[in-house]
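Read the structure below first, then the notes.
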Amino acid sequence: MSRTTICNSQLYKLLTSNKFISFQQMCHRRSKKKMAFQSNPKSNTQHALNHFDMYYSNYYKELWPSIRISLLSQQKYCALVNHCDEGTTFKAESILSDLGAEDFIQTAVDMSTDLKTAHSQSIETGSLHTEKNKFIVSDDSHKDNIQPSHRSDSIVFSSNNDPIDEKNTSLYDFMPTNKVYTQREFLHQELARQNTFEDTDFPVNVITEDIPRIPDTLKAYCYKRGNIDLFPEPSISRRNSKLGYYMMDAASMLPVIALDVNLCHIYISGYYMMDAASMLPVIALDVQDNDNVLDMCSAPGGKMLTMLQYPHSGTLLCNDSSKSRLQRLTRTLHSYGNQNMIDKVTVNQDDGGTLNEPSYEKVLVDVPCTNDRHSTLEDDNNIFKPGRMKERLQIPALQKHLLLSGIMSCVPGGSVVYSTCSLSPGQNDGVIQATLEHLWKETNIDISVVDLSYMQTLFKDTFNFYPSCRFGQLVLPNLRANFGPMFICKLHRTK
């Protein structure tokens, strides 16, 4: 037997013995090991919670543990009573009262009666912070002398922060570098910038308006503090218009369309379940009888239904860029409103940023945001999914763009209310400040911030408010009153 034959036979025995594994088995084991390493990836909700712990804990400090556990706990709801007809309203109120719920709107109305006299006597123009009074603009002369800010791409800065004209700078000139940042470091810097709010010194005109009227037709019931019981499915009553059948799923608190719309056209729901804090932007908007109203980001429709409880003969344009969300809004409207309500509403699908014709006395801009409560509880459609990082980084810019469009859509003398369901100071006060700075530097539009501090008094028995917002009001989640988060800021367009 040749040496080559011996070597081949010995190699065959070695390869077929139990001491060795095949190449396929080796690859399989390696892949199994890799799969085992990735078998427990972080969920989207965990990504969101880690993000909040990193940024919100530094901002809210000792309040954050309470806010955090509230976000992870059962949310509290209110029942917005349907006033489409007296029979439906009376039956719904009777059921809710028997459950021990109270009309928190009526409580606020009773309290506002005591406040209105003193509040109307204190109307004045001032700053939200007394130390900022020197930056208030009392007339337009100073603003007219301000030149538009330079574009950031036309100026570069040296290490000593002196501006250098790019045209006079050679590519071979030495520019000392203080630090080289990695892409990850740049990402963390951008996240930190968007999730913090740095107060800057620029003119802010703040006005105090009369406390808004709250009509008798606006009724909403909720349980007392500490009681987070769920409301039962709302009562339904017969009607003649072919508008669909609406029920409320008490387990998920989401509107459900039952059966076929054409077959179930004789029923209407008695009340609508929603976060009570979501009614505050509408109350702040103070819709008057003849106002033309724009709800720029209207879906899913809770704030629209709240506005429909007001005696209102003007138009109401409900806009949203998402077709599926508008379909949900339409079903909600048809399931809740009578024909008179539905005739007031025009549903429109468009990018809110393209709506800039000054045609409306009141504009509600309830912008897309990180939706903090949803992000901590639901993995589906979660903005903190790793693959949606770029989309999340663009949120503040989108919010500013929509708010600017809302202001452009508002007629001089009208009002704009900006709202989010986020705790992020960058998405709340930060967007307001960026928008005001843009308007002050780049346009001739005059905007005043409306003082909403009266809300803390009117709704002190219902909500927990954060005491340190600069431009608006923020409802904080709390275990005993687990509503929100909800940020509200009202702007008044002068010209």
Can you give me the closest heavy-atom contact between [X] and [Y], atom names plus distance?
{"X": "D103", "Y": "A220", "value": "OD1-O, 2.9 Å"}
{"X": "L326", "Y": "N348", "value": "CD1-O, 3.4 Å"}
{"X": "M455", "Y": "A284", "value": "CE-CB, 3.5 Å"}
{"X": "M408", "Y": "R493", "value": "O-NH1, 3.6 Å"}

Without hydrogens or angle criteria, can the side chains of [X] and [Y] be said to hold a donor-acceptor pair below 3.5 Å?
{"X": "N356", "Y": "S409", "answer": "no"}
{"X": "D53", "Y": "W64", "answer": "yes"}
{"X": "D446", "Y": "T494", "answer": "no"}
{"X": "Q427", "Y": "T370", "answer": "yes"}
{"X": "Q106", "Y": "D110", "answer": "yes"}
{"X": "Y56", "Y": "D372", "answer": "yes"}
{"X": "D429", "Y": "Q433", "answer": "no"}

Please check this pair: side chain of [X] against backbone of [Y], looking for a donor-acceptor N/O pair closer than 3.5 Å.
{"X": "S422", "Y": "C369", "value": "no"}
{"X": "S70", "Y": "L479", "value": "yes"}
{"X": "N227", "Y": "Y223", "value": "no"}
{"X": "Y336", "Y": "N82", "value": "yes"}
{"X": "D291", "Y": "Q288", "value": "yes"}
{"X": "N319", "Y": "C297", "value": "no"}
{"X": "Y360", "Y": "L317", "value": "no"}
{"X": "S419", "Y": "I488", "value": "no"}
{"X": "T113", "Y": "V109", "value": "yes"}
{"X": "T354", "Y": "D351", "value": "yes"}

Applied to residues 311-321, the salt bridge (Lys or Arg N to Asp or Glu O under 4.0 Å) test, sequence neighbours excluded, yields D320-R325
Exactly one candidate in R373, R225, Q74 meets side-chain hydrogen bond (donor to acceptor under 3.5 Å, both in side chains) with N482; the answer is R373
Does [X] have more than 12 heavy atoms from other residues, nucleotides or ligands lying within 6.0 Å of its [atom1]?
{"X": "K344", "atom1": "NZ", "answer": "yes"}
{"X": "D216", "atom1": "CG", "answer": "no"}
{"X": "I69", "atom1": "CD1", "answer": "no"}
{"X": "R480", "atom1": "CZ", "answer": "no"}

Once ring pair (Phe, Tyr, Trp, His ring centres under 6.0 Å) is applied, what residue pairs with a partner in residues 382-403 remain, sequence neighbours excluded?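 Sorted result for residues 382-403: H51-F384, F52-F384.
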Please collect all ring pair (Phe, Tyr, Trp, His ring centres under 6.0 Å) contacts where either partner lies in residues 472-495, sequence neighbours excluded, each pair once.
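Only F463-F483 qualify under ring pair (Phe, Tyr, Trp, His ring centres under 6.0 Å).
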>> A side-chain contact here means heavy atoms from C-beta on lying under 4.5 Å apart; do M307 and L364 qualify?
In response: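 Side-chain contact under 4.5 Å: yes.
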| said: If the threshold is 4.0 Å, N to carboxylate O, is there a salt bridge linking D295 and K303? | reply: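 K303 and D295: not salt-bridged.
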| query | Strictly under 6.0 Å, is that where the ring centroids of Y60 and Y466 end up? | reply | yes
